[in-house]
Amino acid sequence: MPELPEVETIVRGLRDGLVDRSIQRVRVLRPDVVRQKPRSFSAGLRGRTVERVTRRGKNIVVSLSDDRVLVVNLGMTGRLLFSTPTVRATHPAVRFTLDQEPSLVFDDVRRFGSLEVLTGKEWARRSEDLGPEPLGTEYTASRMLTDLARSASPVRSWFLDQRRIAGVGNIYANEALFLAAIHPRRPAKSVNAAEARVLHRAIRQVLRTAIENRGTTLRDYRDASGSPGENAGALRVYGRAGQPCLSCSTEVQRLVFGNRSAFFCPRCQPETDTA
DNA sequence: AGTGTATCCTGCAGGC
DNA sequence: TGCCTGCAGGATACAC
């Protein structure tokens with residue numbers, strides 16, 4: 001569900017209400033979303049104060065006193081919500097009672113999400129396994145080209161691999177490839193320098209626009225206040241199989257590989273490399 | 001080493 | 001109405 005723009009929106013929405021709050025009580029209602037024993041998970045959080053709320057890839061990173069870090073990955077349907085009378089969790093998995101109202105709840109229908117308490121060092125090591133932040137100033141087109149050149153996998157699959165680039169998921173991978181006129185199944189290493197420049201600009205553009213629109217809500221995604229995002233109307237190919245391409249009116253195609261759907265315009269994104 | 005497939009889980013939409 | 005199938009924004013354990 002949530003990709004970089006959705007997680008960024010949630011993080012921004014959590015900051016004000018969470019920084020300087022202390023965690024008083026943790027109730028694990030669904031142990032399978034917690035990656036450690038519920039007792040040690042709770043013990044690692046209880047009594048600690050929130051110092052920062054940041055994002056790394058698709059992870060929400062809550063930095064706490066005593067060198068603890070709560071890392072939340074939302075999976076497909078996870079939400080991290082301030083629990084107010086108007087915002088009710090439908091599938092609460094973990095509840096956090098703070099020193100002030102409102103409390104915080106991790107809600108997740110499918111329970112593919114995960115929560116974990118780490119030390120700062122453990123988190124730093126984990127973070128090294130993630131690729132660069134696509135919106136970072138140091139992420140250049142030439143860096144992207146170098147990384148693409150190392151992989152023979154389909155470029156859409158390349159985007160989804162968090163070790164290569166952090167935070168991109170299926171929606172924005174497909175959108176960026178459409179903007180760059182690159183077929184989703186083309187080998188990553190077949191993307192040439194000129195195409196990489198366009199693709200680099202495209203992924204950053206797509207992610208920035210989605211952040212401005214507060215994320216894409218297709219079904220489940222909500223921000224920390226329970227509000228949906230407004231980016232769905234900005235999507236050009238994702239989920240539009242059978243509908244006309246917005247550039248050329250050719251039918252948008254759906255193709256399944258790597259267990260995920262890819263959406264593309266066969267005319268705007270020919271499979272044969274133009275390289 | 002790198003890549004593709006199967007699996008975790010629930011809910012919803014569409015076909016019959 | 002109900003039953004069935006397919007599908008979903010993610011990550012990961014495995015087989016090759």
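In what follows, chains are A, B, ... by sequence order, proteins preceding strands, each numbered from 1. These values consider heavy atoms only, across backbone and side chains, with no hydrogens, waters or symmetry-generated copies.
- Regarding A:Phe112, its CZ atom lies at a distance of 16 Å from the P atom of B:dA6, rounded to whole Å.
- Separating the CZ atom of A:Arg163 from the C1' atom of B:dT3 is a distance of 10 Å, rounded to the nearest angstrom.
- At a cut-off of 3.5 angstrom, counting only N and O atoms as typed in the model, there is a donor on one side and an acceptor on the other between the side-chain of A:Arg110 and the base of C:dA8.
- Of all nucleotides listed (C:dC7, B:dG4, C:dG10), C:dC7 comes nearest to the side chain of A:Arg254.
- Residue A:Val109 places its side chain closer to B:dT10 than to any other of C:dA8, B:dT10, C:dG10.
- Across C:dC7 and B:dT5, the matching P atoms stand 15 Å from one another, rounded to whole Å.
- One finds a side-chain N or O of A:Lys58 lying less than 4.0 angstrom from the OP1 or OP2 phosphate oxygen of C:dG10.
- Between the CG atom of A:Asp220 and the P atom of B:dC9 there is a distance of 18 Å, rounded to whole Å.
- Straight-line distance between the C1' atoms of C:dG9 and B:dT3: roughly 23 Å, to the nearest whole Å.
- What separates CG of A:Asp32 from C1' of C:dT12 is a distance of 15 Å, to the nearest Å.
- A:Arg260 has a side-chain polar atom (N or O) that falls below the 4.0 Å cut-off from OP1 or OP2 of C:dG10.
- C:dC7 atom P lies 15 Å from atom CG of A:Asn174, rounded to whole Å.
- The same atom, P, is picked in B:dG11 and in C:dT12; the two are 24 Å apart, to the nearest Å.
- When the side-chain nitrogen and oxygen atoms of A:Asn170 are compared with OP1 and OP2 of C:dG10, none of them lie within a distance under 4.0 Å.
- A salt bridge is absent between A:Glu6 and A:Arg214: the closest approach of a Lys/Arg side-chain nitrogen to an acidic carboxylate oxygen does not fall below 4.0 angstrom.
- Taking atom P in both C:dT5 and B:dT7, the straight-line distance is 16 Å, to the nearest Å.
- Distances were taken from every side-chain heavy atom of A:Asn259 (C-beta onward) to each of B:dA6, C:dG10, C:dA8; the shortest belongs to B:dA6.
- Taking a pair to require two hydrogen-bonding distances under 3.5 Å in either a Watson-Crick or a G-U wobble arrangement, C:dG9 remains unpaired.
- Atom P of nucleotide B:dG2 and atom CG of A:Asp129 are separated by 13 Å, given to the nearest angstrom.
- Of the two residues contacting DNA chain B, namely A:Arg219 and A:Asp161, the nearest-nucleotide position lying further toward the 5' end is that of A:Asp161.
- At the phosphate of B:dT3, OP1 or OP2 sits under 4.0 Å from a side-chain N or O atom of A:Ser151.
- For C:dG9, the OP1/OP2 oxygens have no side-chain nitrogen or oxygen of A:Tyr172 closer than 4.0 Å.
- Listed pair A:His91 / B:dC9 fails the phosphate criterion, with no side-chain N or O lying under 4.0 Å from OP1 or OP2.
- No salt bridge links A:Arg30 with A:Asp108; every basic N to acidic carboxylate O contact stays at or beyond 4.0 Å.
- Residue contacts for A:Asp108: at a heavy-atom cut-off of 4.0 Å it reaches no nucleic acid atom on any strand shown.
- Salt bridge annotation for A:Arg186-A:Glu271: absent, with no cationic side-chain nitrogen under 4.0 angstrom from a carboxylate oxygen.
- Rounded to a whole Å, the CG atom of A:Leu218 is 19 Å from the P atom of B:dG11.
- Nucleic acid contact class of A:Tyr238 (heavy atoms, under 4.0 Å, all strands): sugar-phosphate only.
- Checking B:dC9 for Watson-Crick or G-U wobble geometry (two distances, each under 3.5 Å) identifies no partner in any strand.
- Here the side chain of A:Arg164 is nearest to one of B:dC9, B:dT3, C:dA8, namely B:dT3.
- The backbone N or O of A:Gly57 lies less than 3.5 Å from a partner atom in the side chain of A:Glu133, making a donor-acceptor pair.
- Judged by a 6.0 Å distance limit and a 45° cone about the ring axis, A:Arg156 is positioned over the six-membered ring of A:Phe257.
- Between A:Arg126 atom CZ and C:dT12 atom C1' there is a gap of 12 Å when expressed in whole angstrom units.
- Among the atoms of the strands shown, only primed sugar atoms or phosphate atoms (P, OP1, OP2) are found under 4.0 Å from some heavy atom of A:Pro154.
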Apply the test side-chain hydrogen bond (donor to acceptor under 3.5 Å, both in side chains) to residues A:Ser261 and A:Arg254: give CA-CA distance (whole Å), side-chain angles for both, the deciding distance (0.1 Å), then the verdict. CA-CA 6 Å; A:Ser261 293; A:Arg254 171 174 172 266; 2.8 Å; yes
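- Between A:Tyr238 and A:Phe263, the ring planes are perpendicular. Angles over 60° get that label, and only those under 30° would be called parallel.
- Nearest nucleotide to the A:Arg111 side chain, out of B:dC9, B:dG4, C:dG9: B:dC9.
- The side chain of A:Glu3 lies closest to C:dG9 when the candidates are B:dG4, C:dT12, C:dG9.
- Note on A:Ser261: only backbone sugar-phosphate atoms sit closer than 4.0 angstrom, heavy atoms only; bases stay farther off.
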